[in-house]
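Can you keep this structure in mind? I'll have questions shortly.
Sequence positions, counted from 1, serve as the residue numbers for this chain.
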Amino acid sequence: GCTKSRSVEILVLVGSARRNSVHEGIVEEIKKFIIEKDITLKLVIPALDKLPIFNCDIESQICSNPLMRSAELDHTIREKAGSADAIIFVTPEINGSLSPLILNAFVWLSRSYSDRGSPLRYKRASVISASYLSENQITDCMEMGKYFEMKFFHSSFYLFLGNKVTEESGHLSSAHERSRLEKWYK
């Protein structure tokens, strides 16, 4: 029989702006796994470091003047989240919690500019993190997601960095950890 290809769009929010970060390396590894039979998978990865720190004055300027919706403000993150089939939060641990970039994205995405509400509402999601200390950032992300009734569809993926599992480029150097990530993905 004839099978139709299905298209799936995943918004990937990376909470590290550091070049060659471990979290960027994890996303690069995931890109290698996305070739699936009968599925066209598209990863959308906005630059969270370009998103301004949330401020009600900026928000009101954007809402009152559509011309303010520029790439510089990346206001389209709301549209990207709204159209995505799922969201993957890729967050480092900063002081025992989420990264400021992920927190800021949550705030911008939490705002309701229409009767549809937040684009996070009822969205399927998962969390990936790597750190030297703890997994608190994963729990914190899932707790924030509960406020929007997000449905976390996968177990989270946590990589303990104390095991020297990454290269200087941020990519995973451990075959075992790459295998774990691939199992998480599937």
> How many angstroms lie between atom CD1 of I26 and atom CD1 of I88, to the nearest 0.5 angstrom?
Replying inline: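 Spacing of CD1 (I26) from CD1 (I88) equals 11.0 Å.
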>> In the structure I gave you, are the side-chain heavy atoms of V12 and I30 within less than 4.5 Å of one another anywhere?
In response: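 The answer is no, as the side chains (C-beta and beyond) never meet within the 4.5 Å cut-off.
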> Would you say the side chain of L109 lies within less than 4.5 Å of the side chain of R78, judging by non-hydrogen atoms?
Replying inline: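 Sidechains of L109 and R78: in contact.
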> So which heavy atom on V27 is nearest to which on V14, and how close?
Replying inline: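 Smallest heavy-atom distance, with atoms named: CG2-CG2, 3.8 Å.
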>> A side-chain contact here means heavy atoms from C-beta on lying under 4.5 Å apart; do K123 and L11 qualify?
In response: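 Not touching, per the 4.5 Å side-chain cut-off.
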>> Using modelled atom types and a 3.5 Å cut-off, is there a donor and acceptor pairing between side-chain atoms of K80 and backbone atoms of P46?
In response: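 No; zero donor-acceptor contacts below 3.5 Å.
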> Rounded to the nearest 0.5 Å, how far does CZ of R121 lie from NZ of K151?
Replying inline: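 Reported value, rounded in 0.5 Å steps: 10.0 Å.
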> Got a sec, which residues hit ring pair (Phe, Tyr, Trp, His ring centres under 6.0 Å) with F148, two or more places apart in sequence or on another chain?
Replying inline: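 Result, ring pair (Phe, Tyr, Trp, His ring centres under 6.0 Å) vs F148: none returned.
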>> To the nearest 0.5 Å, what is the distance between CG on N104 and CG on L51?
In response: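 N104 CG to L51 CG: 5.0 Å, rounded to 0.5 Å.
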>> Minimum heavy-atom separation for F106 and M150, please, with both atom names.
In response: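 Closest approach of F106 to M150, heavy atoms only: CE2-SD, 4.4 Å.
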> Judged by atom type as modelled, is there a donor-acceptor pair below 3.5 Å linking the side chain of S156 to the main-chain atoms of V127?
Replying inline: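 Side chain of S156 to backbone of V127, a donor-acceptor pair under 3.5 Å: no, none is there.
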> What's the shortest heavy-atom distance between I87 and A81, and which atoms?
Replying inline: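 In this case the closest contact between I87 and A81 is CD1-CB, 4.4 Å.
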>> Is it the case that atom CG in N95 sees more than 12 heavy atoms from other parts of the structure closer than 6.0 Å?
In response: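 12 or below, so no.
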>> Quick check for you: to the nearest 0.5 Å, what is the distance between N20 atom CG and E28 atom CD?
In response: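 Spacing of CG (N20) from CD (E28) equals 10.0 Å.
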> Taking atom CD of E143 and atom CG of D140, what is their separation to the nearest 0.5 Å?
Replying inline: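 Reported value, rounded in 0.5 Å steps: 7.5 Å.
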> Which pair of non-hydrogen atoms, one from A125 and one from F89, has the smallest distance, and what is that distance?
Replying inline: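 Looks like CB-CE1, 4.0 Å.
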>> Using the rule that Ile, Leu, Val, Met, Phe, Trp and Tyr join whenever any side-chain heavy atoms are under 4.5 Å apart, tell me whether I94 and V22 fall into a single cluster.
In response: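 Unlinked, I94 and V22 end up in two clusters.
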>> As an exercise, state the distance from CD1 of I45 to NZ of K31, rounded to the nearest 0.5 Å.
In response: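 Going from CD1 on I45 over to NZ on K31, the span is 4.5 Å.
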>> Could you report the tightest heavy-atom contact between E93 and S129, atom names first, then the distance?
In response: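 Closest heavy-atom pair between E93 and S129: N-OG, 4.3 Å.
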> Which heavy atom in L98 sits nearest to a heavy atom in C141, and how many Å separate them?
Replying inline: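 Looks like CD2-CB, 3.5 Å.
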> In terms of hydrophobic clusters joined by side-chain contacts under 4.5 Å, are Y122 and L120 together?
Replying inline: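 Shared cluster, no.
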>> Membership question, hydrophobic clusters at under 4.5 Å side-chain separation (ILVMFWY): are I53 and I77 in the same one?
In response: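 Different clusters: I77 never reaches I53 through Ile, Leu, Val, Met, Phe, Trp or Tyr contacts under 4.5 Å.
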> Is the backbone N or O of E9 less than 3.5 Å from a side-chain atom of D85, with the two atoms forming a donor-acceptor pair by type?
Replying inline: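 At least one qualifying donor-acceptor pair exists.
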> Can you name the salt bridge (charged side-chain N to carboxylate O under 4.0 Å, His left out) partners of E135, sequence neighbours left out?
Replying inline: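 Salt bridge (charged side-chain N to carboxylate O under 4.0 Å, His left out) list for E135, sorted by chain: empty.
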